[in-house]
Amino acid sequence: MAQIIYNESTREFHLQNSRISYILCLLENGQPGHLYFGKRLTHRDSFQHFIQMRTQSHTAYVYENDFLFSLDTIRQEYPSYGTTDFREPAFEILQENGSRICGFSYKSHTIFRGKKPLSGLPATYTEEGDDAVTLELVLEDPLLETDLVLSYTIYEDYDAVCRSVTFHNHGKQALSLTRALSMSVDLYDSDFQMLQLDGAWSRERHITSRPLTKGIQSISSARGASSADHNPFMVLKRAHTTEFSGEAYGFSLIYSGNFLAQAEVNRYETARISMGINPFGFTWKLKPGEQFQTPEAVMVYSENGLNGMSQNFHNLFNNRLVRGVWRNQERPVLLNNWEATYFNFNEEKILDIAGKAKELGVELFVLDDGWFGKRDDSGSSLGDWYSDLRKLPEGVEGLSKKVAAMGMKFGLWFEPEMVNKVSRLYEEHPDWVIRTPDRHMSHGRNQYVLDFSNKAVVDYIFESMKNVLEHSEISYVKWDMNRNITEAYGSVLEPERQGEFFHRYILGVYDLYDRLTSGFPQILFESCASGGARFDAGMMYYAPQCWASDDTDGAERIKIQYGTSLAYPVSSIGAHVSAVPNHQVKRMTSLSFRAHVAYFGAFGYELDPNELTEDEQQEIREQIRFFKKYRKLIQFGDFYRLRDPFENHGDGAWMVVSKDKNTAVFSYYKVLAQPNPKLRKLVLTGLDPDKKYRCSRTGETYYGDELMNMGFLEDPQFTGTSARKDGVRQDSGSDAGDFTSRLYVLECCL
């Protein structure tokens with residue numbers, strides 16, 4: 001059972017469930033200090049022996065004639081700068097007299113069952129009967145008459161601590177937050193490797209690893225979105241930690257805007273980990289009576305390696321971040337027309353594609369870009385969310401009903417945050433575009449970003465989208481965002497509030513999402529941003545799946561989906577089979593290879609099925625039948641990474657095991673053939689060692705302990721030679737060369 005125990009005499013708080021402990025205390029100056037985060041500890045009346053202080057030269061001390069208590073070396077929970085701590089702080093407040101020095105100390109605390117929602121922000125949640133408990137630790141600066149509330153929630157079923165901070169100005173002076181991170185924690189040492197998810201368009205969330213060294217190592221975004229460059233997620237792991245053993249700490253920010261995640265290692269090799277809104281360009285005016293809420297950060301601990309950490313995130317996000325009808329709901333098999341037609345379509349063409357898709361077993365047809373205004377290319381009509389009757393004589397409204405009459409669901413693409421100059425919206429409201437007065441206005445993809453810090457803009461877009469959704473039979477919305485913010489400026493914000501623009505922008509995005517998901521709870525939303533440039537936990541709160549990348553090449557997707565799985569569940573990863581040559585890299589791969597990769601996500605197709613041969617159409621029928629049979633297992637089972645493509649020349653392997661351990665699906669992928677290769681095996685995991693499993697592909701039976709110790713022997717690869725048997729020429733090895741894969745199903749038979 002999750003609980004928070006308060007040791008009154010030593011002023012310590014012990015957050016624990018059956019597997020982890022998080023311990024903090026109040027230091028002698030009333031600031032919160034960090035004592036421990038890791039494997040569950042037995043509770044005791046005092047953890048004061050966890051505090052270490054040292055006399056040292058060349059530093060400063062809090063109290064006169066006390067040469068031990070210095071914040072320069074003591075591990076803290078939410079530090080400030082300038083009162084003997086010289087490291088980067090968690091927060092900073094600019095006051096009317098120009099000072100940035102603060103003196104927050106303990107005022108009160110509350111411990112309660114459950115968890116409060118964050119106003120206007122996505123966050124994890126609890127439900128009635130949930131075994132979760134929250135600590136609210138209130139700190140006060142009497143001079144500023146301001147409270148700072150640190151919130152900590154621990155669940156029983158998920159090995160995570162969820163943290164956020166609220167600032168309340170009760171005083172008479174206006175304050176300016178110039179830094180307001182969501183969490184900070186000082187770990188005991190810095191003997192870690194830092195993993196992060198980096199990339200760019202079409203190669204998102206590749207894994208980068210580096211050892212922590214002295215100084216600051218950070219990832220961030222200042223694009224107005226979480227970005228494809230860096231994901232708001234980082235990992236610290238011990239050097240010996242593997243996928244399945246050793247310590248790993250994961251940190252995820254439930255936020256979709258500008259962020260910072262960093263590790264600072266000081267001269268004594270203590271690591272300070274902090275995460276939150278990027279302070280670059282950020283200032284928040286906090287007038288008397290106002291408050292500011294930070295986004296939520298999630299901290300995960302695993303003693304079972306990286307895969308144990310990932311499963312904690314997967315389970316927490318699937319069950320306590322995704323909401324509503326689509327929580328733990330199997331995702332429909334879809335077909336998107338984008339790569340089949342781009343802008344060049346009419347109703348007849350669309351119905352022809354949809355009809356064939358239905359015949360093949362597709363459940364959801366998605367009409368992508370080009371259905372609105374006078375949209376024949378990327379240069380016009382964004383913002384004009386009404387049907388182009390040249391292409392669709394009865395509009396999206398009529399088309400959606402025709403597709404529904406076929407027995408399929410219908411989905412639609414929007415890009416709500418953008419506008420073209422060639423549009424009715426821009427002609428009527430040029431002032432709604434983000435621009436700095438008297439400055440040049442940059443463009444991206446011939447489009448401009450609407451000012452979502454302006455409520456009137458959000459209201460207008462909501463009404464436009466609502467009108468389409470209300471009059472159509474729509475089950476799915478793909479929400480795209482194809483350029484980042486330049487010349488950032490809020491036209492309705494006062495000059496002293498321009499530092500609030502980026503955060504207010506993303507709050508506007510969340511507001512629109514919230515209104516739409518509340519008004520149309522049956523619709524499945526998929527977020528997209530030029531592929532995966534805003535794939536983050538904040539988006540998952542509203543859109544339970546995200547288009548992982550515009551790169552649909554099977555070989556490239558192995559790395560993209562592998563890296564994504566470090567933090568995000570399989571059910572959230574939009575993954576499609578597209579036509580070949582691939583539109584992003586011109587690569588030719590087999591239909592089976594593409595499907596074997598795309599199965600491990602929210603599965604679908606991105607092609608014109610009428611252009612396929614009869615054999616290919618039949619293969620797709622079989623693929624869809626297979627996926628529907630094992631969809632729930634694949635999307636919501638326990639996911640295990642087995643072979644790292646970043647360390648194996650692109651080759652990868654993974655598996656999913658049902659919660660009852662009766663069924664498993666696993667697959668491995670070879671990108672490039674090697675001459676005269678060695679024999680290989682794949683050591684599986686997550687099975688019941690005492691159960692016997694039958695493999696559908698080989699017909700053989702195996703005990704779980706065999707597969708998890710000896711391993712599964714892979715098909716021998718072609719060695720470059722042939723032999724004759726009974727006069728028949730036979731290749732050595734059964735595999736077919738480059739871009740090949742094998743997919744296996746194990747079913748318990750004992």
Side-chain angles (χ1 to χ4, degrees), residues 18-20 39-40 157-159 237-238 240-248 300-315 318 558 561-562 565-566 569-570 596 599-600 626 629-645 647-648 651-670 677-717 733-735 741-750:
S18 58
R19 295 165 301 280
I20 65 169
K39 188 174 179 180
R40 186 182 189 274
D157 296 329
Y158 316 106
D159 296 347
K237 77 176 191 70
R238 299 297 184 182
H240 64 274
T241 294
T242 67
E243 280 288 344
F244 305 113
S245 67
E247 283 193 316
V300 161
Y301 171 78
S302 168
E303 64 169 330
N304 298 314
L306 293 173
N307 224 103
M309 176 207 69
S310 296
Q311 288 187 9
N312 272 309
F313 279 118
H314 296 177
N315 291 328
N318 270 333
I558 297 169
Q561 292 174 211
Y562 189 96
S565 75
L566 268 185
V570 171
H596 288 172
Y599 279 154
F600 294 86
F626 172 86
K629 181 176 181 180
Y630 294 104
R631 165 169 48 191
K632 189 172 185 64
L633 162 63
I634 290 173
Q635 293 181 344
F636 298 104
D638 292 329
F639 183 79
Y640 298 90
R641 294 178 296 272
L642 302 179
R643 181 173 294 155
D644 185 347
E647 297 181 354
N648 289 280
D651 295 358
W654 48 50
M655 69 184 294
V656 184
V657 182
S658 62
K659 298 294 185 182
D660 61 10
K661 300 186 182 298
N662 284 335
T663 309
V665 177
F666 69 97
S667 187
Y668 64 83
Y669 312 94
K670 181 178 69 175
K678 67 180 181 180
L679 295 172
R680 301 178 75 176
K681 67 178 181 178
L682 198 61
V683 178
L684 306 186
T685 190
L687 303 172
D688 186 322
D690 299 321
K691 288 181 177 179
K692 183 183 283 187
Y693 296 89
R694 181 178 301 278
C695 176
S696 61
R697 184 181 180 91
T698 66
E700 299 288 339
T701 59
Y702 313 85
Y703 280 100
D705 59 356
E706 296 176 48
L707 295 171
M708 294 190 294
N709 292 285
M710 171 60 188
F712 182 86
L713 304 183
E714 298 179 20
D715 294 343
Q717 299 183 47
S734 60
D735 101 338
S741 59
R742 294 289 184 269
L743 183 75
Y744 300 89
V745 177
L746 300 173
E747 299 278 6
C748 180
C749 58
L750 182 63

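Closest of all the heavy-atom pairs between Val657 and Gly686 is CG1-O, 3.5 Å. Closest approach of Asp688 and Met708 over heavy atoms only: C-CE, 4.3 Å. Residues Ser667 and Phe600 approach most closely at CB-CE1, 3.9 Å, considering heavy atoms. Nearest heavy-atom pair across Leu743 and His596 is CB-NE2, 3.7 Å. Of all non-hydrogen atoms in Tyr599 and Ile634, the two that sit nearest each other are O-CG2, 3.4 Å. Residues Leu633 and Val656 share a closest heavy-atom pair of O-CG1, 3.0 Å.
Between Met710 and Tyr703 there is no side-chain heavy-atom pair separated by less than 4.5 Å. You'll find the side chain of Asn304 stays beyond 4.5 Å of the side chain of Gln311, heavy atoms only. The side-chain heavy atoms of Tyr668 and Leu642, taken from C-beta on, include no pair separated by under 4.5 Å. At a threshold of 4.5 Å between non-hydrogen side-chain atoms, the residues Val745 and Phe626 count as touching.
Thr701 places no side-chain N or O within donor-acceptor distance of the main-chain N or O of Tyr693, the cut-off being under 3.5 Å. Side-chain atoms of His314 come within 3.5 Å of backbone atoms of Ser565 as a donor-acceptor pair (strictly under, hydrogens ignored). Side chain of Asp159 to main chain of Ile20: no donor-acceptor pair is present (N/O by atom type, distance under 3.5 Å, no hydrogens or angles). Of the possible donor and acceptor atoms, one in the side chain of Asn307 sits under 3.5 Å from a partner among the backbone N and O of Phe639.
Between Tyr744 and Phe712, the distance separating the two ring centers is shorter than 6.0 angstrom.
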Trace of the side chain to side chain contact (heavy atoms under 4.5 Å, CB included) decision for Met309 with Leu566: CA-CA 8 Å; Met309 176 207 69; Leu566 268 185; 4.3 Å; yes
Audit row: Arg680, Asp651, side chain to side chain contact (heavy atoms under 4.5 Å, CB included) steps and yes/no: CA-CA 12 Å; Arg680 301 178 75 176; Asp651 295 358; 3.4 Å; yes
Residues Phe666, Tyr640; criterion side chain to side chain contact (heavy atoms under 4.5 Å, CB included); working and verdict: CA-CA 9 Å; Phe666 69 97; Tyr640 298 90; over 6 Å; no
Side chain to side chain contact (heavy atoms under 4.5 Å, CB included) between Tyr669 and Trp654, intermediate numbers included: CA-CA 9 Å; Tyr669 312 94; Trp654 48 50; 3.0 Å; yes
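Sorted by first and then second residue, the salt bridge (charged side-chain N to carboxylate O under 4.0 Å, His left out) pairs with a member in residues 692-708 form an empty list; sequence neighbours excluded.
Separation of atoms OG (Ser245) and NE2 (His240) is listed at 7.0 Å; rounding is to 0.5 Å. Interatomic distance, Leu746 CG to Thr663 OG1, rounded to the nearest 0.5 Å: 9.0 Å. Separating the CG atom in Leu713 from the OG1 atom in Thr698 is a distance of 10.5 Å, to the nearest 0.5 Å. The distance from atom OH of Tyr702 to atom SG of Cys749, rounded to the nearest 0.5 Å, is 11.0 Å.
Within 6.0 Å of atom NZ in Lys678, 12 or fewer heavy atoms from other residues, nucleotides or ligands are found, so the atom counts as exposed in its surroundings.
Checking each of Leu707, Asp638, Leu687 against Met655 for a side-chain contact (heavy atoms from CB on, under 4.5 Å) leaves exactly one that passes, namely Leu687.
For Tyr301, the side chain to side chain donor-acceptor pair (under 3.5 Å) partners two or more places apart in sequence, or in a different chain, are Glu247. Remark: Lys39 engages Glu303 in a salt bridge (charged side-chain N to carboxylate O under 4.0 Å, His left out) (not counting sequence neighbours).
Contact check on Glu714 versus Arg643 returns a salt bridge, with a Lys/Arg side-chain nitrogen under 4.0 Å from an Asp/Glu carboxylate oxygen.
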